[in-house]
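All values below come from the heavy atoms of this structure, side chains included, with hydrogens, waters and symmetry mates left out. Order of the sequence lines fixes the chain letters, A, B, ..., with proteins taken first and strands second; residue numbering starts at 1 for each chain.
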Amino acid sequence: MTRGTMKVSITSGRAEGPTKLNAFDNALLDAGIGDINLITVSSMLPTGTEIVELPKFKAGDMVNCVLAYESSDREGDLISAVVAAATSDDFGCVVENTGINRDPEDVKSEAVDMVKYMMDVRGLKIKEIVIADENHIVKKHGAVVASVVYLK
Amino acid sequence: MTRGTMKVSITSGRAEGPTKLNAFDNALLDAGIGDINLITVSSMLPTGTEIVELPKFKAGDMVNCVLAYESSDREGDLISAVVAAATSDDFGCVVENTGINRDPEDVKSEAVDMVKYMMDVRGLKIKEIVIADENHIVKKHGAVVASVVYLK
Amino acid sequence: MTRGTMKVSITSGRAEGPTKLNAFDNALLDAGIGDINLITVSSMLPTGTEIVELPKFKAGDMVNCVLAYESSDREGDLISAVVAAATSDDFGCVVENTGINRDPEDVKSEAVDMVKYMMDVRGLKIKEIVIADENHIVKKHGAVVASVVYLK
């Protein structure tokens with residue numbers, strides 16, 4: 001088994017804002033990834049990926065990520081976003097899932113089931129599953145995000 | 001204050017085409033960004049970003065951008081796309097906004113309000129707001145784009 | 001004419017899965033691009049691009065691609081995804097197209113017409129058009145993908 005040098009962080013955030021865009025931006029700030037340029041990618045972890053604490057980024061950095069995002073402007077809506085990352089002794093997989101007015105536990109367990117299936121299909125034995133999830137009851141414009149962030 | 005080396009350009013375009021995809025492609029050509037591979041990113045300007053003239057690209061270059069895009073195939077529709085970039089002595093923010101059959105001034109002022117709010121939330125004092133917007137009345141298949149393009 | 005060093009591969013896949021996400025993931029695996037991180041880009045081929053066999057990727061690689069993707073969870077739906085890549089002695093263009101319950105030949109010929117138009121608009125004389133398409137009749141959750149993958 002070779003160890004890669006990829007490090008990823010897993011984070012989530014939630015917020016209100018005066019508009020849908022600003023609520024999304026505020027949720028990214030709450031997650032600690034609001035000051036960077038996010039490039040969304042699909043969802044594999046290279047062999048030997050380490051999951052580490054979210055670092056402090058330089059404003060305007062270009063950063064790859066898997067992003068789960070949900071928003072609503074209906075007062076009282078329960079919005080959910082979750083990412084689930086599964087690691088093995090080889091490579092790993094990431095799943096994003098979101099929901100509106102669903103049981104947050106269902107949204108989370110669905111993500112876990114999907115990432116387990118992805119690992120199973122590839123013949124990968126799961127070592128660890130790391131989850132970040134966020135739920136929020138909307139006041140005016142609400143947003144939730146959950147993300148796996150790829151670090152250089 | 002450290003000065004970064006990031007340069008960005010701001011541009012917009014509009015066009016008709018025989019299909020939705022071709023109208024979009026023609027609008028990108030009209031904006032001067034039709035011959036490159038666009039990778040869309042979220043919306044921060046690194047510290048010390050300079051806003052410069054759109055350069056001539058090499059065909060097929062991979063280029064990061066923030067992209068506002070609207071299209072319609074209903075004759076007479078007024079479609080609008082706008083990007084607003086705010087700079088400070090530190091880093092900056094970009095907003096995209098679009099509209100169908102809305103007052104173009106409202107679509108533009110909404111973008112300005114949103115980018116002002118983003119700067120305010122981050123405690124950044126605005127030095128300059130640069131806007132690119134495009135509006136188009138649809139004949140058959142119409143498209144408008146506005147973009148902040150990140151240069152190497 | 002200068003020859004670039006960009007190489008691209010063209011591929012497609014189809015699959016069922018227990019969820020929409022897993023069907024999509026399985027279709028990517030079927031296409032040979034399931035173990036990498038896909039970053040979607042718009043659709044130009046640099047001058048001198050060579051179309052080559054899909055290589056074996058290292059798991060978790062970051063790879064740029066143009067991706068056509070369709071899915072459905074209605075039993076009996078016919079889903080289609082196609083990419084059409086046109087080359088010239090200069091640069092080239094790529095089009096993606098998808099369909100649900102449409103004649104696969106129409107989805108394909110539409111893609112070809114669109115890429116021909118893109119080349120025509122740019123004054124490029126077509127040397128070759130390479131197509132990858134995939135069609136699938138849905139059982140539970142079905143997905144089809146077709147992709148032009150940019151290689152380093």
Legend entry - Per-residue contact mode, C:Ile36 against chain A (heavy atom under 4.5 angstrom): backbone
Which value, rounded to the nearest 0.5 Å, describes the distance between [X] atom [atom1] and [Y] atom [atom2]?
X	Y	atom1	atom2	value
A:Ser43	C:Leu28	OG	CG	8.0 Å
A:Met44	C:Lys58	CE	NZ	13.5 Å
C:Thr19	A:Glu110	OG1	CD	8.0 Å

Legend entry - A:Tyr117/C:Asn26 under side chain to side chain contact (heavy atoms under 4.5 Å, CB included): CA gap, chis, key distance, verdict: CA-CA 10 Å; A:Tyr117 176 92; C:Asn26 286 344; 3.0 Å; yes
Legend entry - Options C:Asp61, C:Val63, C:Leu29, ranked by heavy-atom pairs under 4.5 Å with chain A, top entry: C:Leu29
Legend entry - Residue pairs passing the side-chain hydrogen bond (donor to acceptor under 3.5 Å, both in side chains) test where at least one lies in residues 27-41 of chain C, sequence neighbours excluded: A:Arg122-C:Asp35, A:Tyr150-C:Asn37
Legend entry - A:Asn64 versus chain C, the contacting section by heavy-atom distance below 4.5 Å: side chain
Inset, instruction - Of all the heavy-atom pairs spanning A:Met114 and C:Asn22, show the shortest one and how long it is. - result: O-ND2, 3.2 Å
Legend entry - Shortest non-hydrogen separation from A:Pro46 to C:Gly60 and the atoms involved: CG-O, 3.6 Å
